[in-house]
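To start, the structure under review is shown below, and the notes come after it.
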Amino acid sequence: MGKKGKKEKKGRGAEKTAAKMEKKVSKRSRKEETFLYNELYTYNIRKDSWAKVEIPNPPPRRCAHQAVVVPQCGGQLWIFGGEFASPNGEQFYHYKDLWVLHLATKTWEQVRSPGGPSGRSGHRMVAWKRQLILFGGFHESTRDYIYYNDVYAFNLDTFTWSKLSPAGAGPTPRSGCHMSVTPQGGIVIYGGYSKQRVKKDVDKGTQHADMFLLKFEEGREGRWVWTRINPSGAKPTPRSGFSGAMAPNHQTLLFGGVCDEEEEESLEGDFLNDLHFYDTTKNRWFAGQLKGPKSEKRKRRRGMKVEPEGANKPESEGVSAQAPLEVVREVVAEDGTVVTIKQLLTAPGPAGQPQSDEDDSPEEVGGPAVEPCPRSNAMLAVKHGRLYLYGGMFEAGDRQVTLSDLYCLDLHKMEEWTALVEADPETQEWLEESDSESSSAGEGAEGGEEDEDGSSEEDG
């Protein structure tokens with residue numbers, strides 16, 4: 001296909017702009033609503049149940065913040081930043097406040113310490129020794145936006161902030177990256193997203209796929225240093241909105257995300273549900289493919305021994321061993337709208353960890369696997385070698401669907417996902433226009449520390 005002429009492209013862009021403006025006006029007339037929460041829930045692994053924890057004086061409602069657990073003083077949960085939006089969208093601002101939940105006493109405390117990061121969302125924060133290290137993020141207002149690549153440290157003993165100035169060439173400004181601590185004491189930054197204005201009212205997004213190591217060099221000066229690293233292996237495709245966690249054997253785990261296909265004034269995303277492992281000791285990526293149920297594999301092996309030689313060769317060497325299987329799922333909204341989700345399931349293959357020769361042979365795909373549907377912004381946690389995945393969101397046309405399902409995967413066996421709480425189509429939350437009257441614009445933001453540059457901005 002040849003390139004389209006500039007005149008035709010410009011015309012299409014104008015049509016898209018007009019359609020977007022019409023849609024925006026239509027949404028406002030129907031009062032689109034956004035709901036944020038400041039609720040705290042715990043999941044009991046043994047009882048397989050959720051419980052809401054009621055603790056007085058929590059942080060104000062928000063999203064896109066960061067939370068880190070540390071063992072100090074019987075366990076603490078630290079939260080920094082994020083963003084607030086009123087239900088009718090007329091108020092939006094970023095937080096720059098710092099909170100700690102004392103797990104032993106079940107009490108919230110706002111820690112006021114000068115010299116910290118500016119208000120932001122999409123930043124990343126990790127616990128490093130007796131400090132919290134924070135990187136990047138973005139700040140957006142009705143007038144402009146800015147992405148950050150600054151680094152801050154919060155001392156958990158003195159409760160003081162300090163801005164770091166690492167030597168070397170570090171990552172470009174970005175938000176939504178992956179940040180984790182290596183066994184050697186370094187901090188890895190991978191990927192992320194940023195955008196820049198290419199011309200009036202037109203922004204160009206970038207999905208980063210580079211990787212950097214932030215390391216503290218012991219010595220008289222005790223300085224921090226950036227180094228760019230280039231891992232080998234099967235790297236993840238460029239994406240944003242992916243989720244990360246620390247897996248066993250010093251590996252970093254990445255799940256899902258969205259790959260945006262961006263044209264001028266148009267943006268479409270392909271949502272993903274694949275797994276990738278990064279081995280920090282080998283500096284290598286592995287594709288996290290599942291082996292399939294062990295009992296089923298044994299049955300297949302027994303069957304193959306009994307049947308005549310070569311009887312199943314065309315099938316095993318053909319479509320069933322390597323060809324992806326297309327699975328179609330339907331999600332029904334409360335208003336009766338049916339959204340069809342199509343996804344390709346690859347045949348079980350080598351997992352992220354080394355396998356024995358017995359497990360290397362490809363197996364047949366016996367049917368649709370139980371697994372999380374493609375999504376972005378899911379929450380991940382690893383406990384006792386098991387990966388727990390909760391929620392996230394995906395888009396279907398102009399709709400955004402918020403998920404509340406829960407899955408588990410044994411990272412040592414890497415056989416199959418287990419659905420602990422399946423998605424209920426009748427309770428899916430559709431983030432779209434609502435005919436109900438909007439709530440008060442200033443509701444629920446008391447007690448937080450807003451960024452002075454972006455507080456209470458009216459949506460013009």
Side-chain angles (χ1 to χ4, degrees), residues 178 190-191 209 211 231-239 241-259 270-301 304 315-327 329 341-376 378 380 382 385-389 392 394 405 407-419:
H178 174 78
Y190 168 75
M211 182 175 281
S232 59
K235 302 177 183 179
T237 55
R239 65 191 66 193
F242 55 82
S243 307
M246 291 304 299
N249 302 322
H250 310 302
Q251 294 183 341
T252 294
L253 180 150
L254 263 59
F255 171 85
V258 57
C259 178
D270 290 330
F271 287 80
L272 307 165
N273 64 344
D274 50 351
L275 280 169
H276 294 270
F277 293 89
Y278 171 66
D279 192 313
T280 58
T281 58
K282 298 178 181 178
N283 191 27
R284 182 179 180 85
W285 283 103
F286 296 92
Q289 297 177 340
L290 305 186
K291 305 174 187 177
K294 197 169 184 180
S295 58
E296 291 294 323
K297 291 164 67 176
R298 286 176 177 172
K299 288 179 183 177
R300 293 190 192 115
R301 290 196 184 99
M304 289 173 65
E315 185 178 355
S316 62
E317 294 176 357
V319 177
S320 61
Q322 297 294 337
L325 174 68
E326 184 179 89
V327 176
R329 303 181 183 181
I341 306 170
K342 292 184 179 180
Q343 62 183 116
L344 296 178
L345 305 180
T346 56
Q353 292 85 1
Q355 304 175 35
S356 63
D357 295 338
E358 183 183 9
D359 293 334
D360 282 342
S361 59
E363 303 291 341
E364 285 188 45
V365 178
V370 175
E371 62 178 3
C373 69
R375 64 189 69 193
S376 67
L380 303 182
V382 176
R386 294 178 179 270
L387 171 67
Y388 292 87
L389 182 150
F394 69 89
D405 47 0
Y407 288 83
C408 177
L409 175 66
D410 190 321
L411 295 175
H412 295 294
K413 297 179 179 179
M414 287 294 292
E415 292 179 356
E416 60 179 343
W417 286 97
T418 300

Shortest non-hydrogen pair, P248 vs G385, comes out as CG-CA, 4.1 Å

From the list R386, M414, E415, side chain to side chain contact (heavy atoms under 4.5 Å, CB included) partner of L409 resolves to M414

* With a 4.5 Å heavy-atom cut-off, do Y278 and N283 have their side chains touching? -> yes

- Item | F286 and D279: CA distance, side-chain angles, deciding distance, side-chain contact (heavy atoms from CB on, under 4.5 Å) verdict | CA-CA 8 Å; F286 296 92; D279 192 313; 3.9 Å; yes

Discussion item. Before you tell me yes or no, could you show the steps for L253 and V382 under side-chain contact (heavy atoms from CB on, under 4.5 Å), namely the whole-Å CA-CA distance, both residues' side-chain angles and the distance that decides it to 0.1 Å?
Written reply: CA-CA 10 Å; L253 180 150; V382 176; 5.6 Å; no

Distance col, row M246:CE vs T280:OG1, nearest 0.5 angstrom, shows 6.0 Å

In this structure, OG1 of T252 is separated from CE of M211 (nearest 0.5 Å) by 7.5 Å

Distance col, row D274:CG vs L254:CG, nearest 0.5 angstrom, shows 9.0 Å

Residues L380 and G244: closest non-hydrogen pair is CD1-N, 3.8 Å

What one should report as the nearest heavy-atom pair of F277 and G288 is CE1-CA, 3.7 Å

d(H276 NE2, T237 OG1) to nearest 0.5 Å is 6.0 Å

The reported gap from CG in L275 to CH2 in W417 (rounded to nearest 0.5 angstrom) is 5.5 Å

Separation between CG (L272) and CZ (R239), nearest 0.5 Å, reads 4.5 Å

Side chain to side chain, N273 and F255, heavy atoms closer than 4.5 Å:
yes

Y190 meets the ring-ring contact (aromatic ring centres under 6.0 Å, His included) criterion, sequence neighbours left out, with F242, W285

Shortest non-hydrogen pair, P293 vs E416, comes out as CG-OE1, 3.4 Å

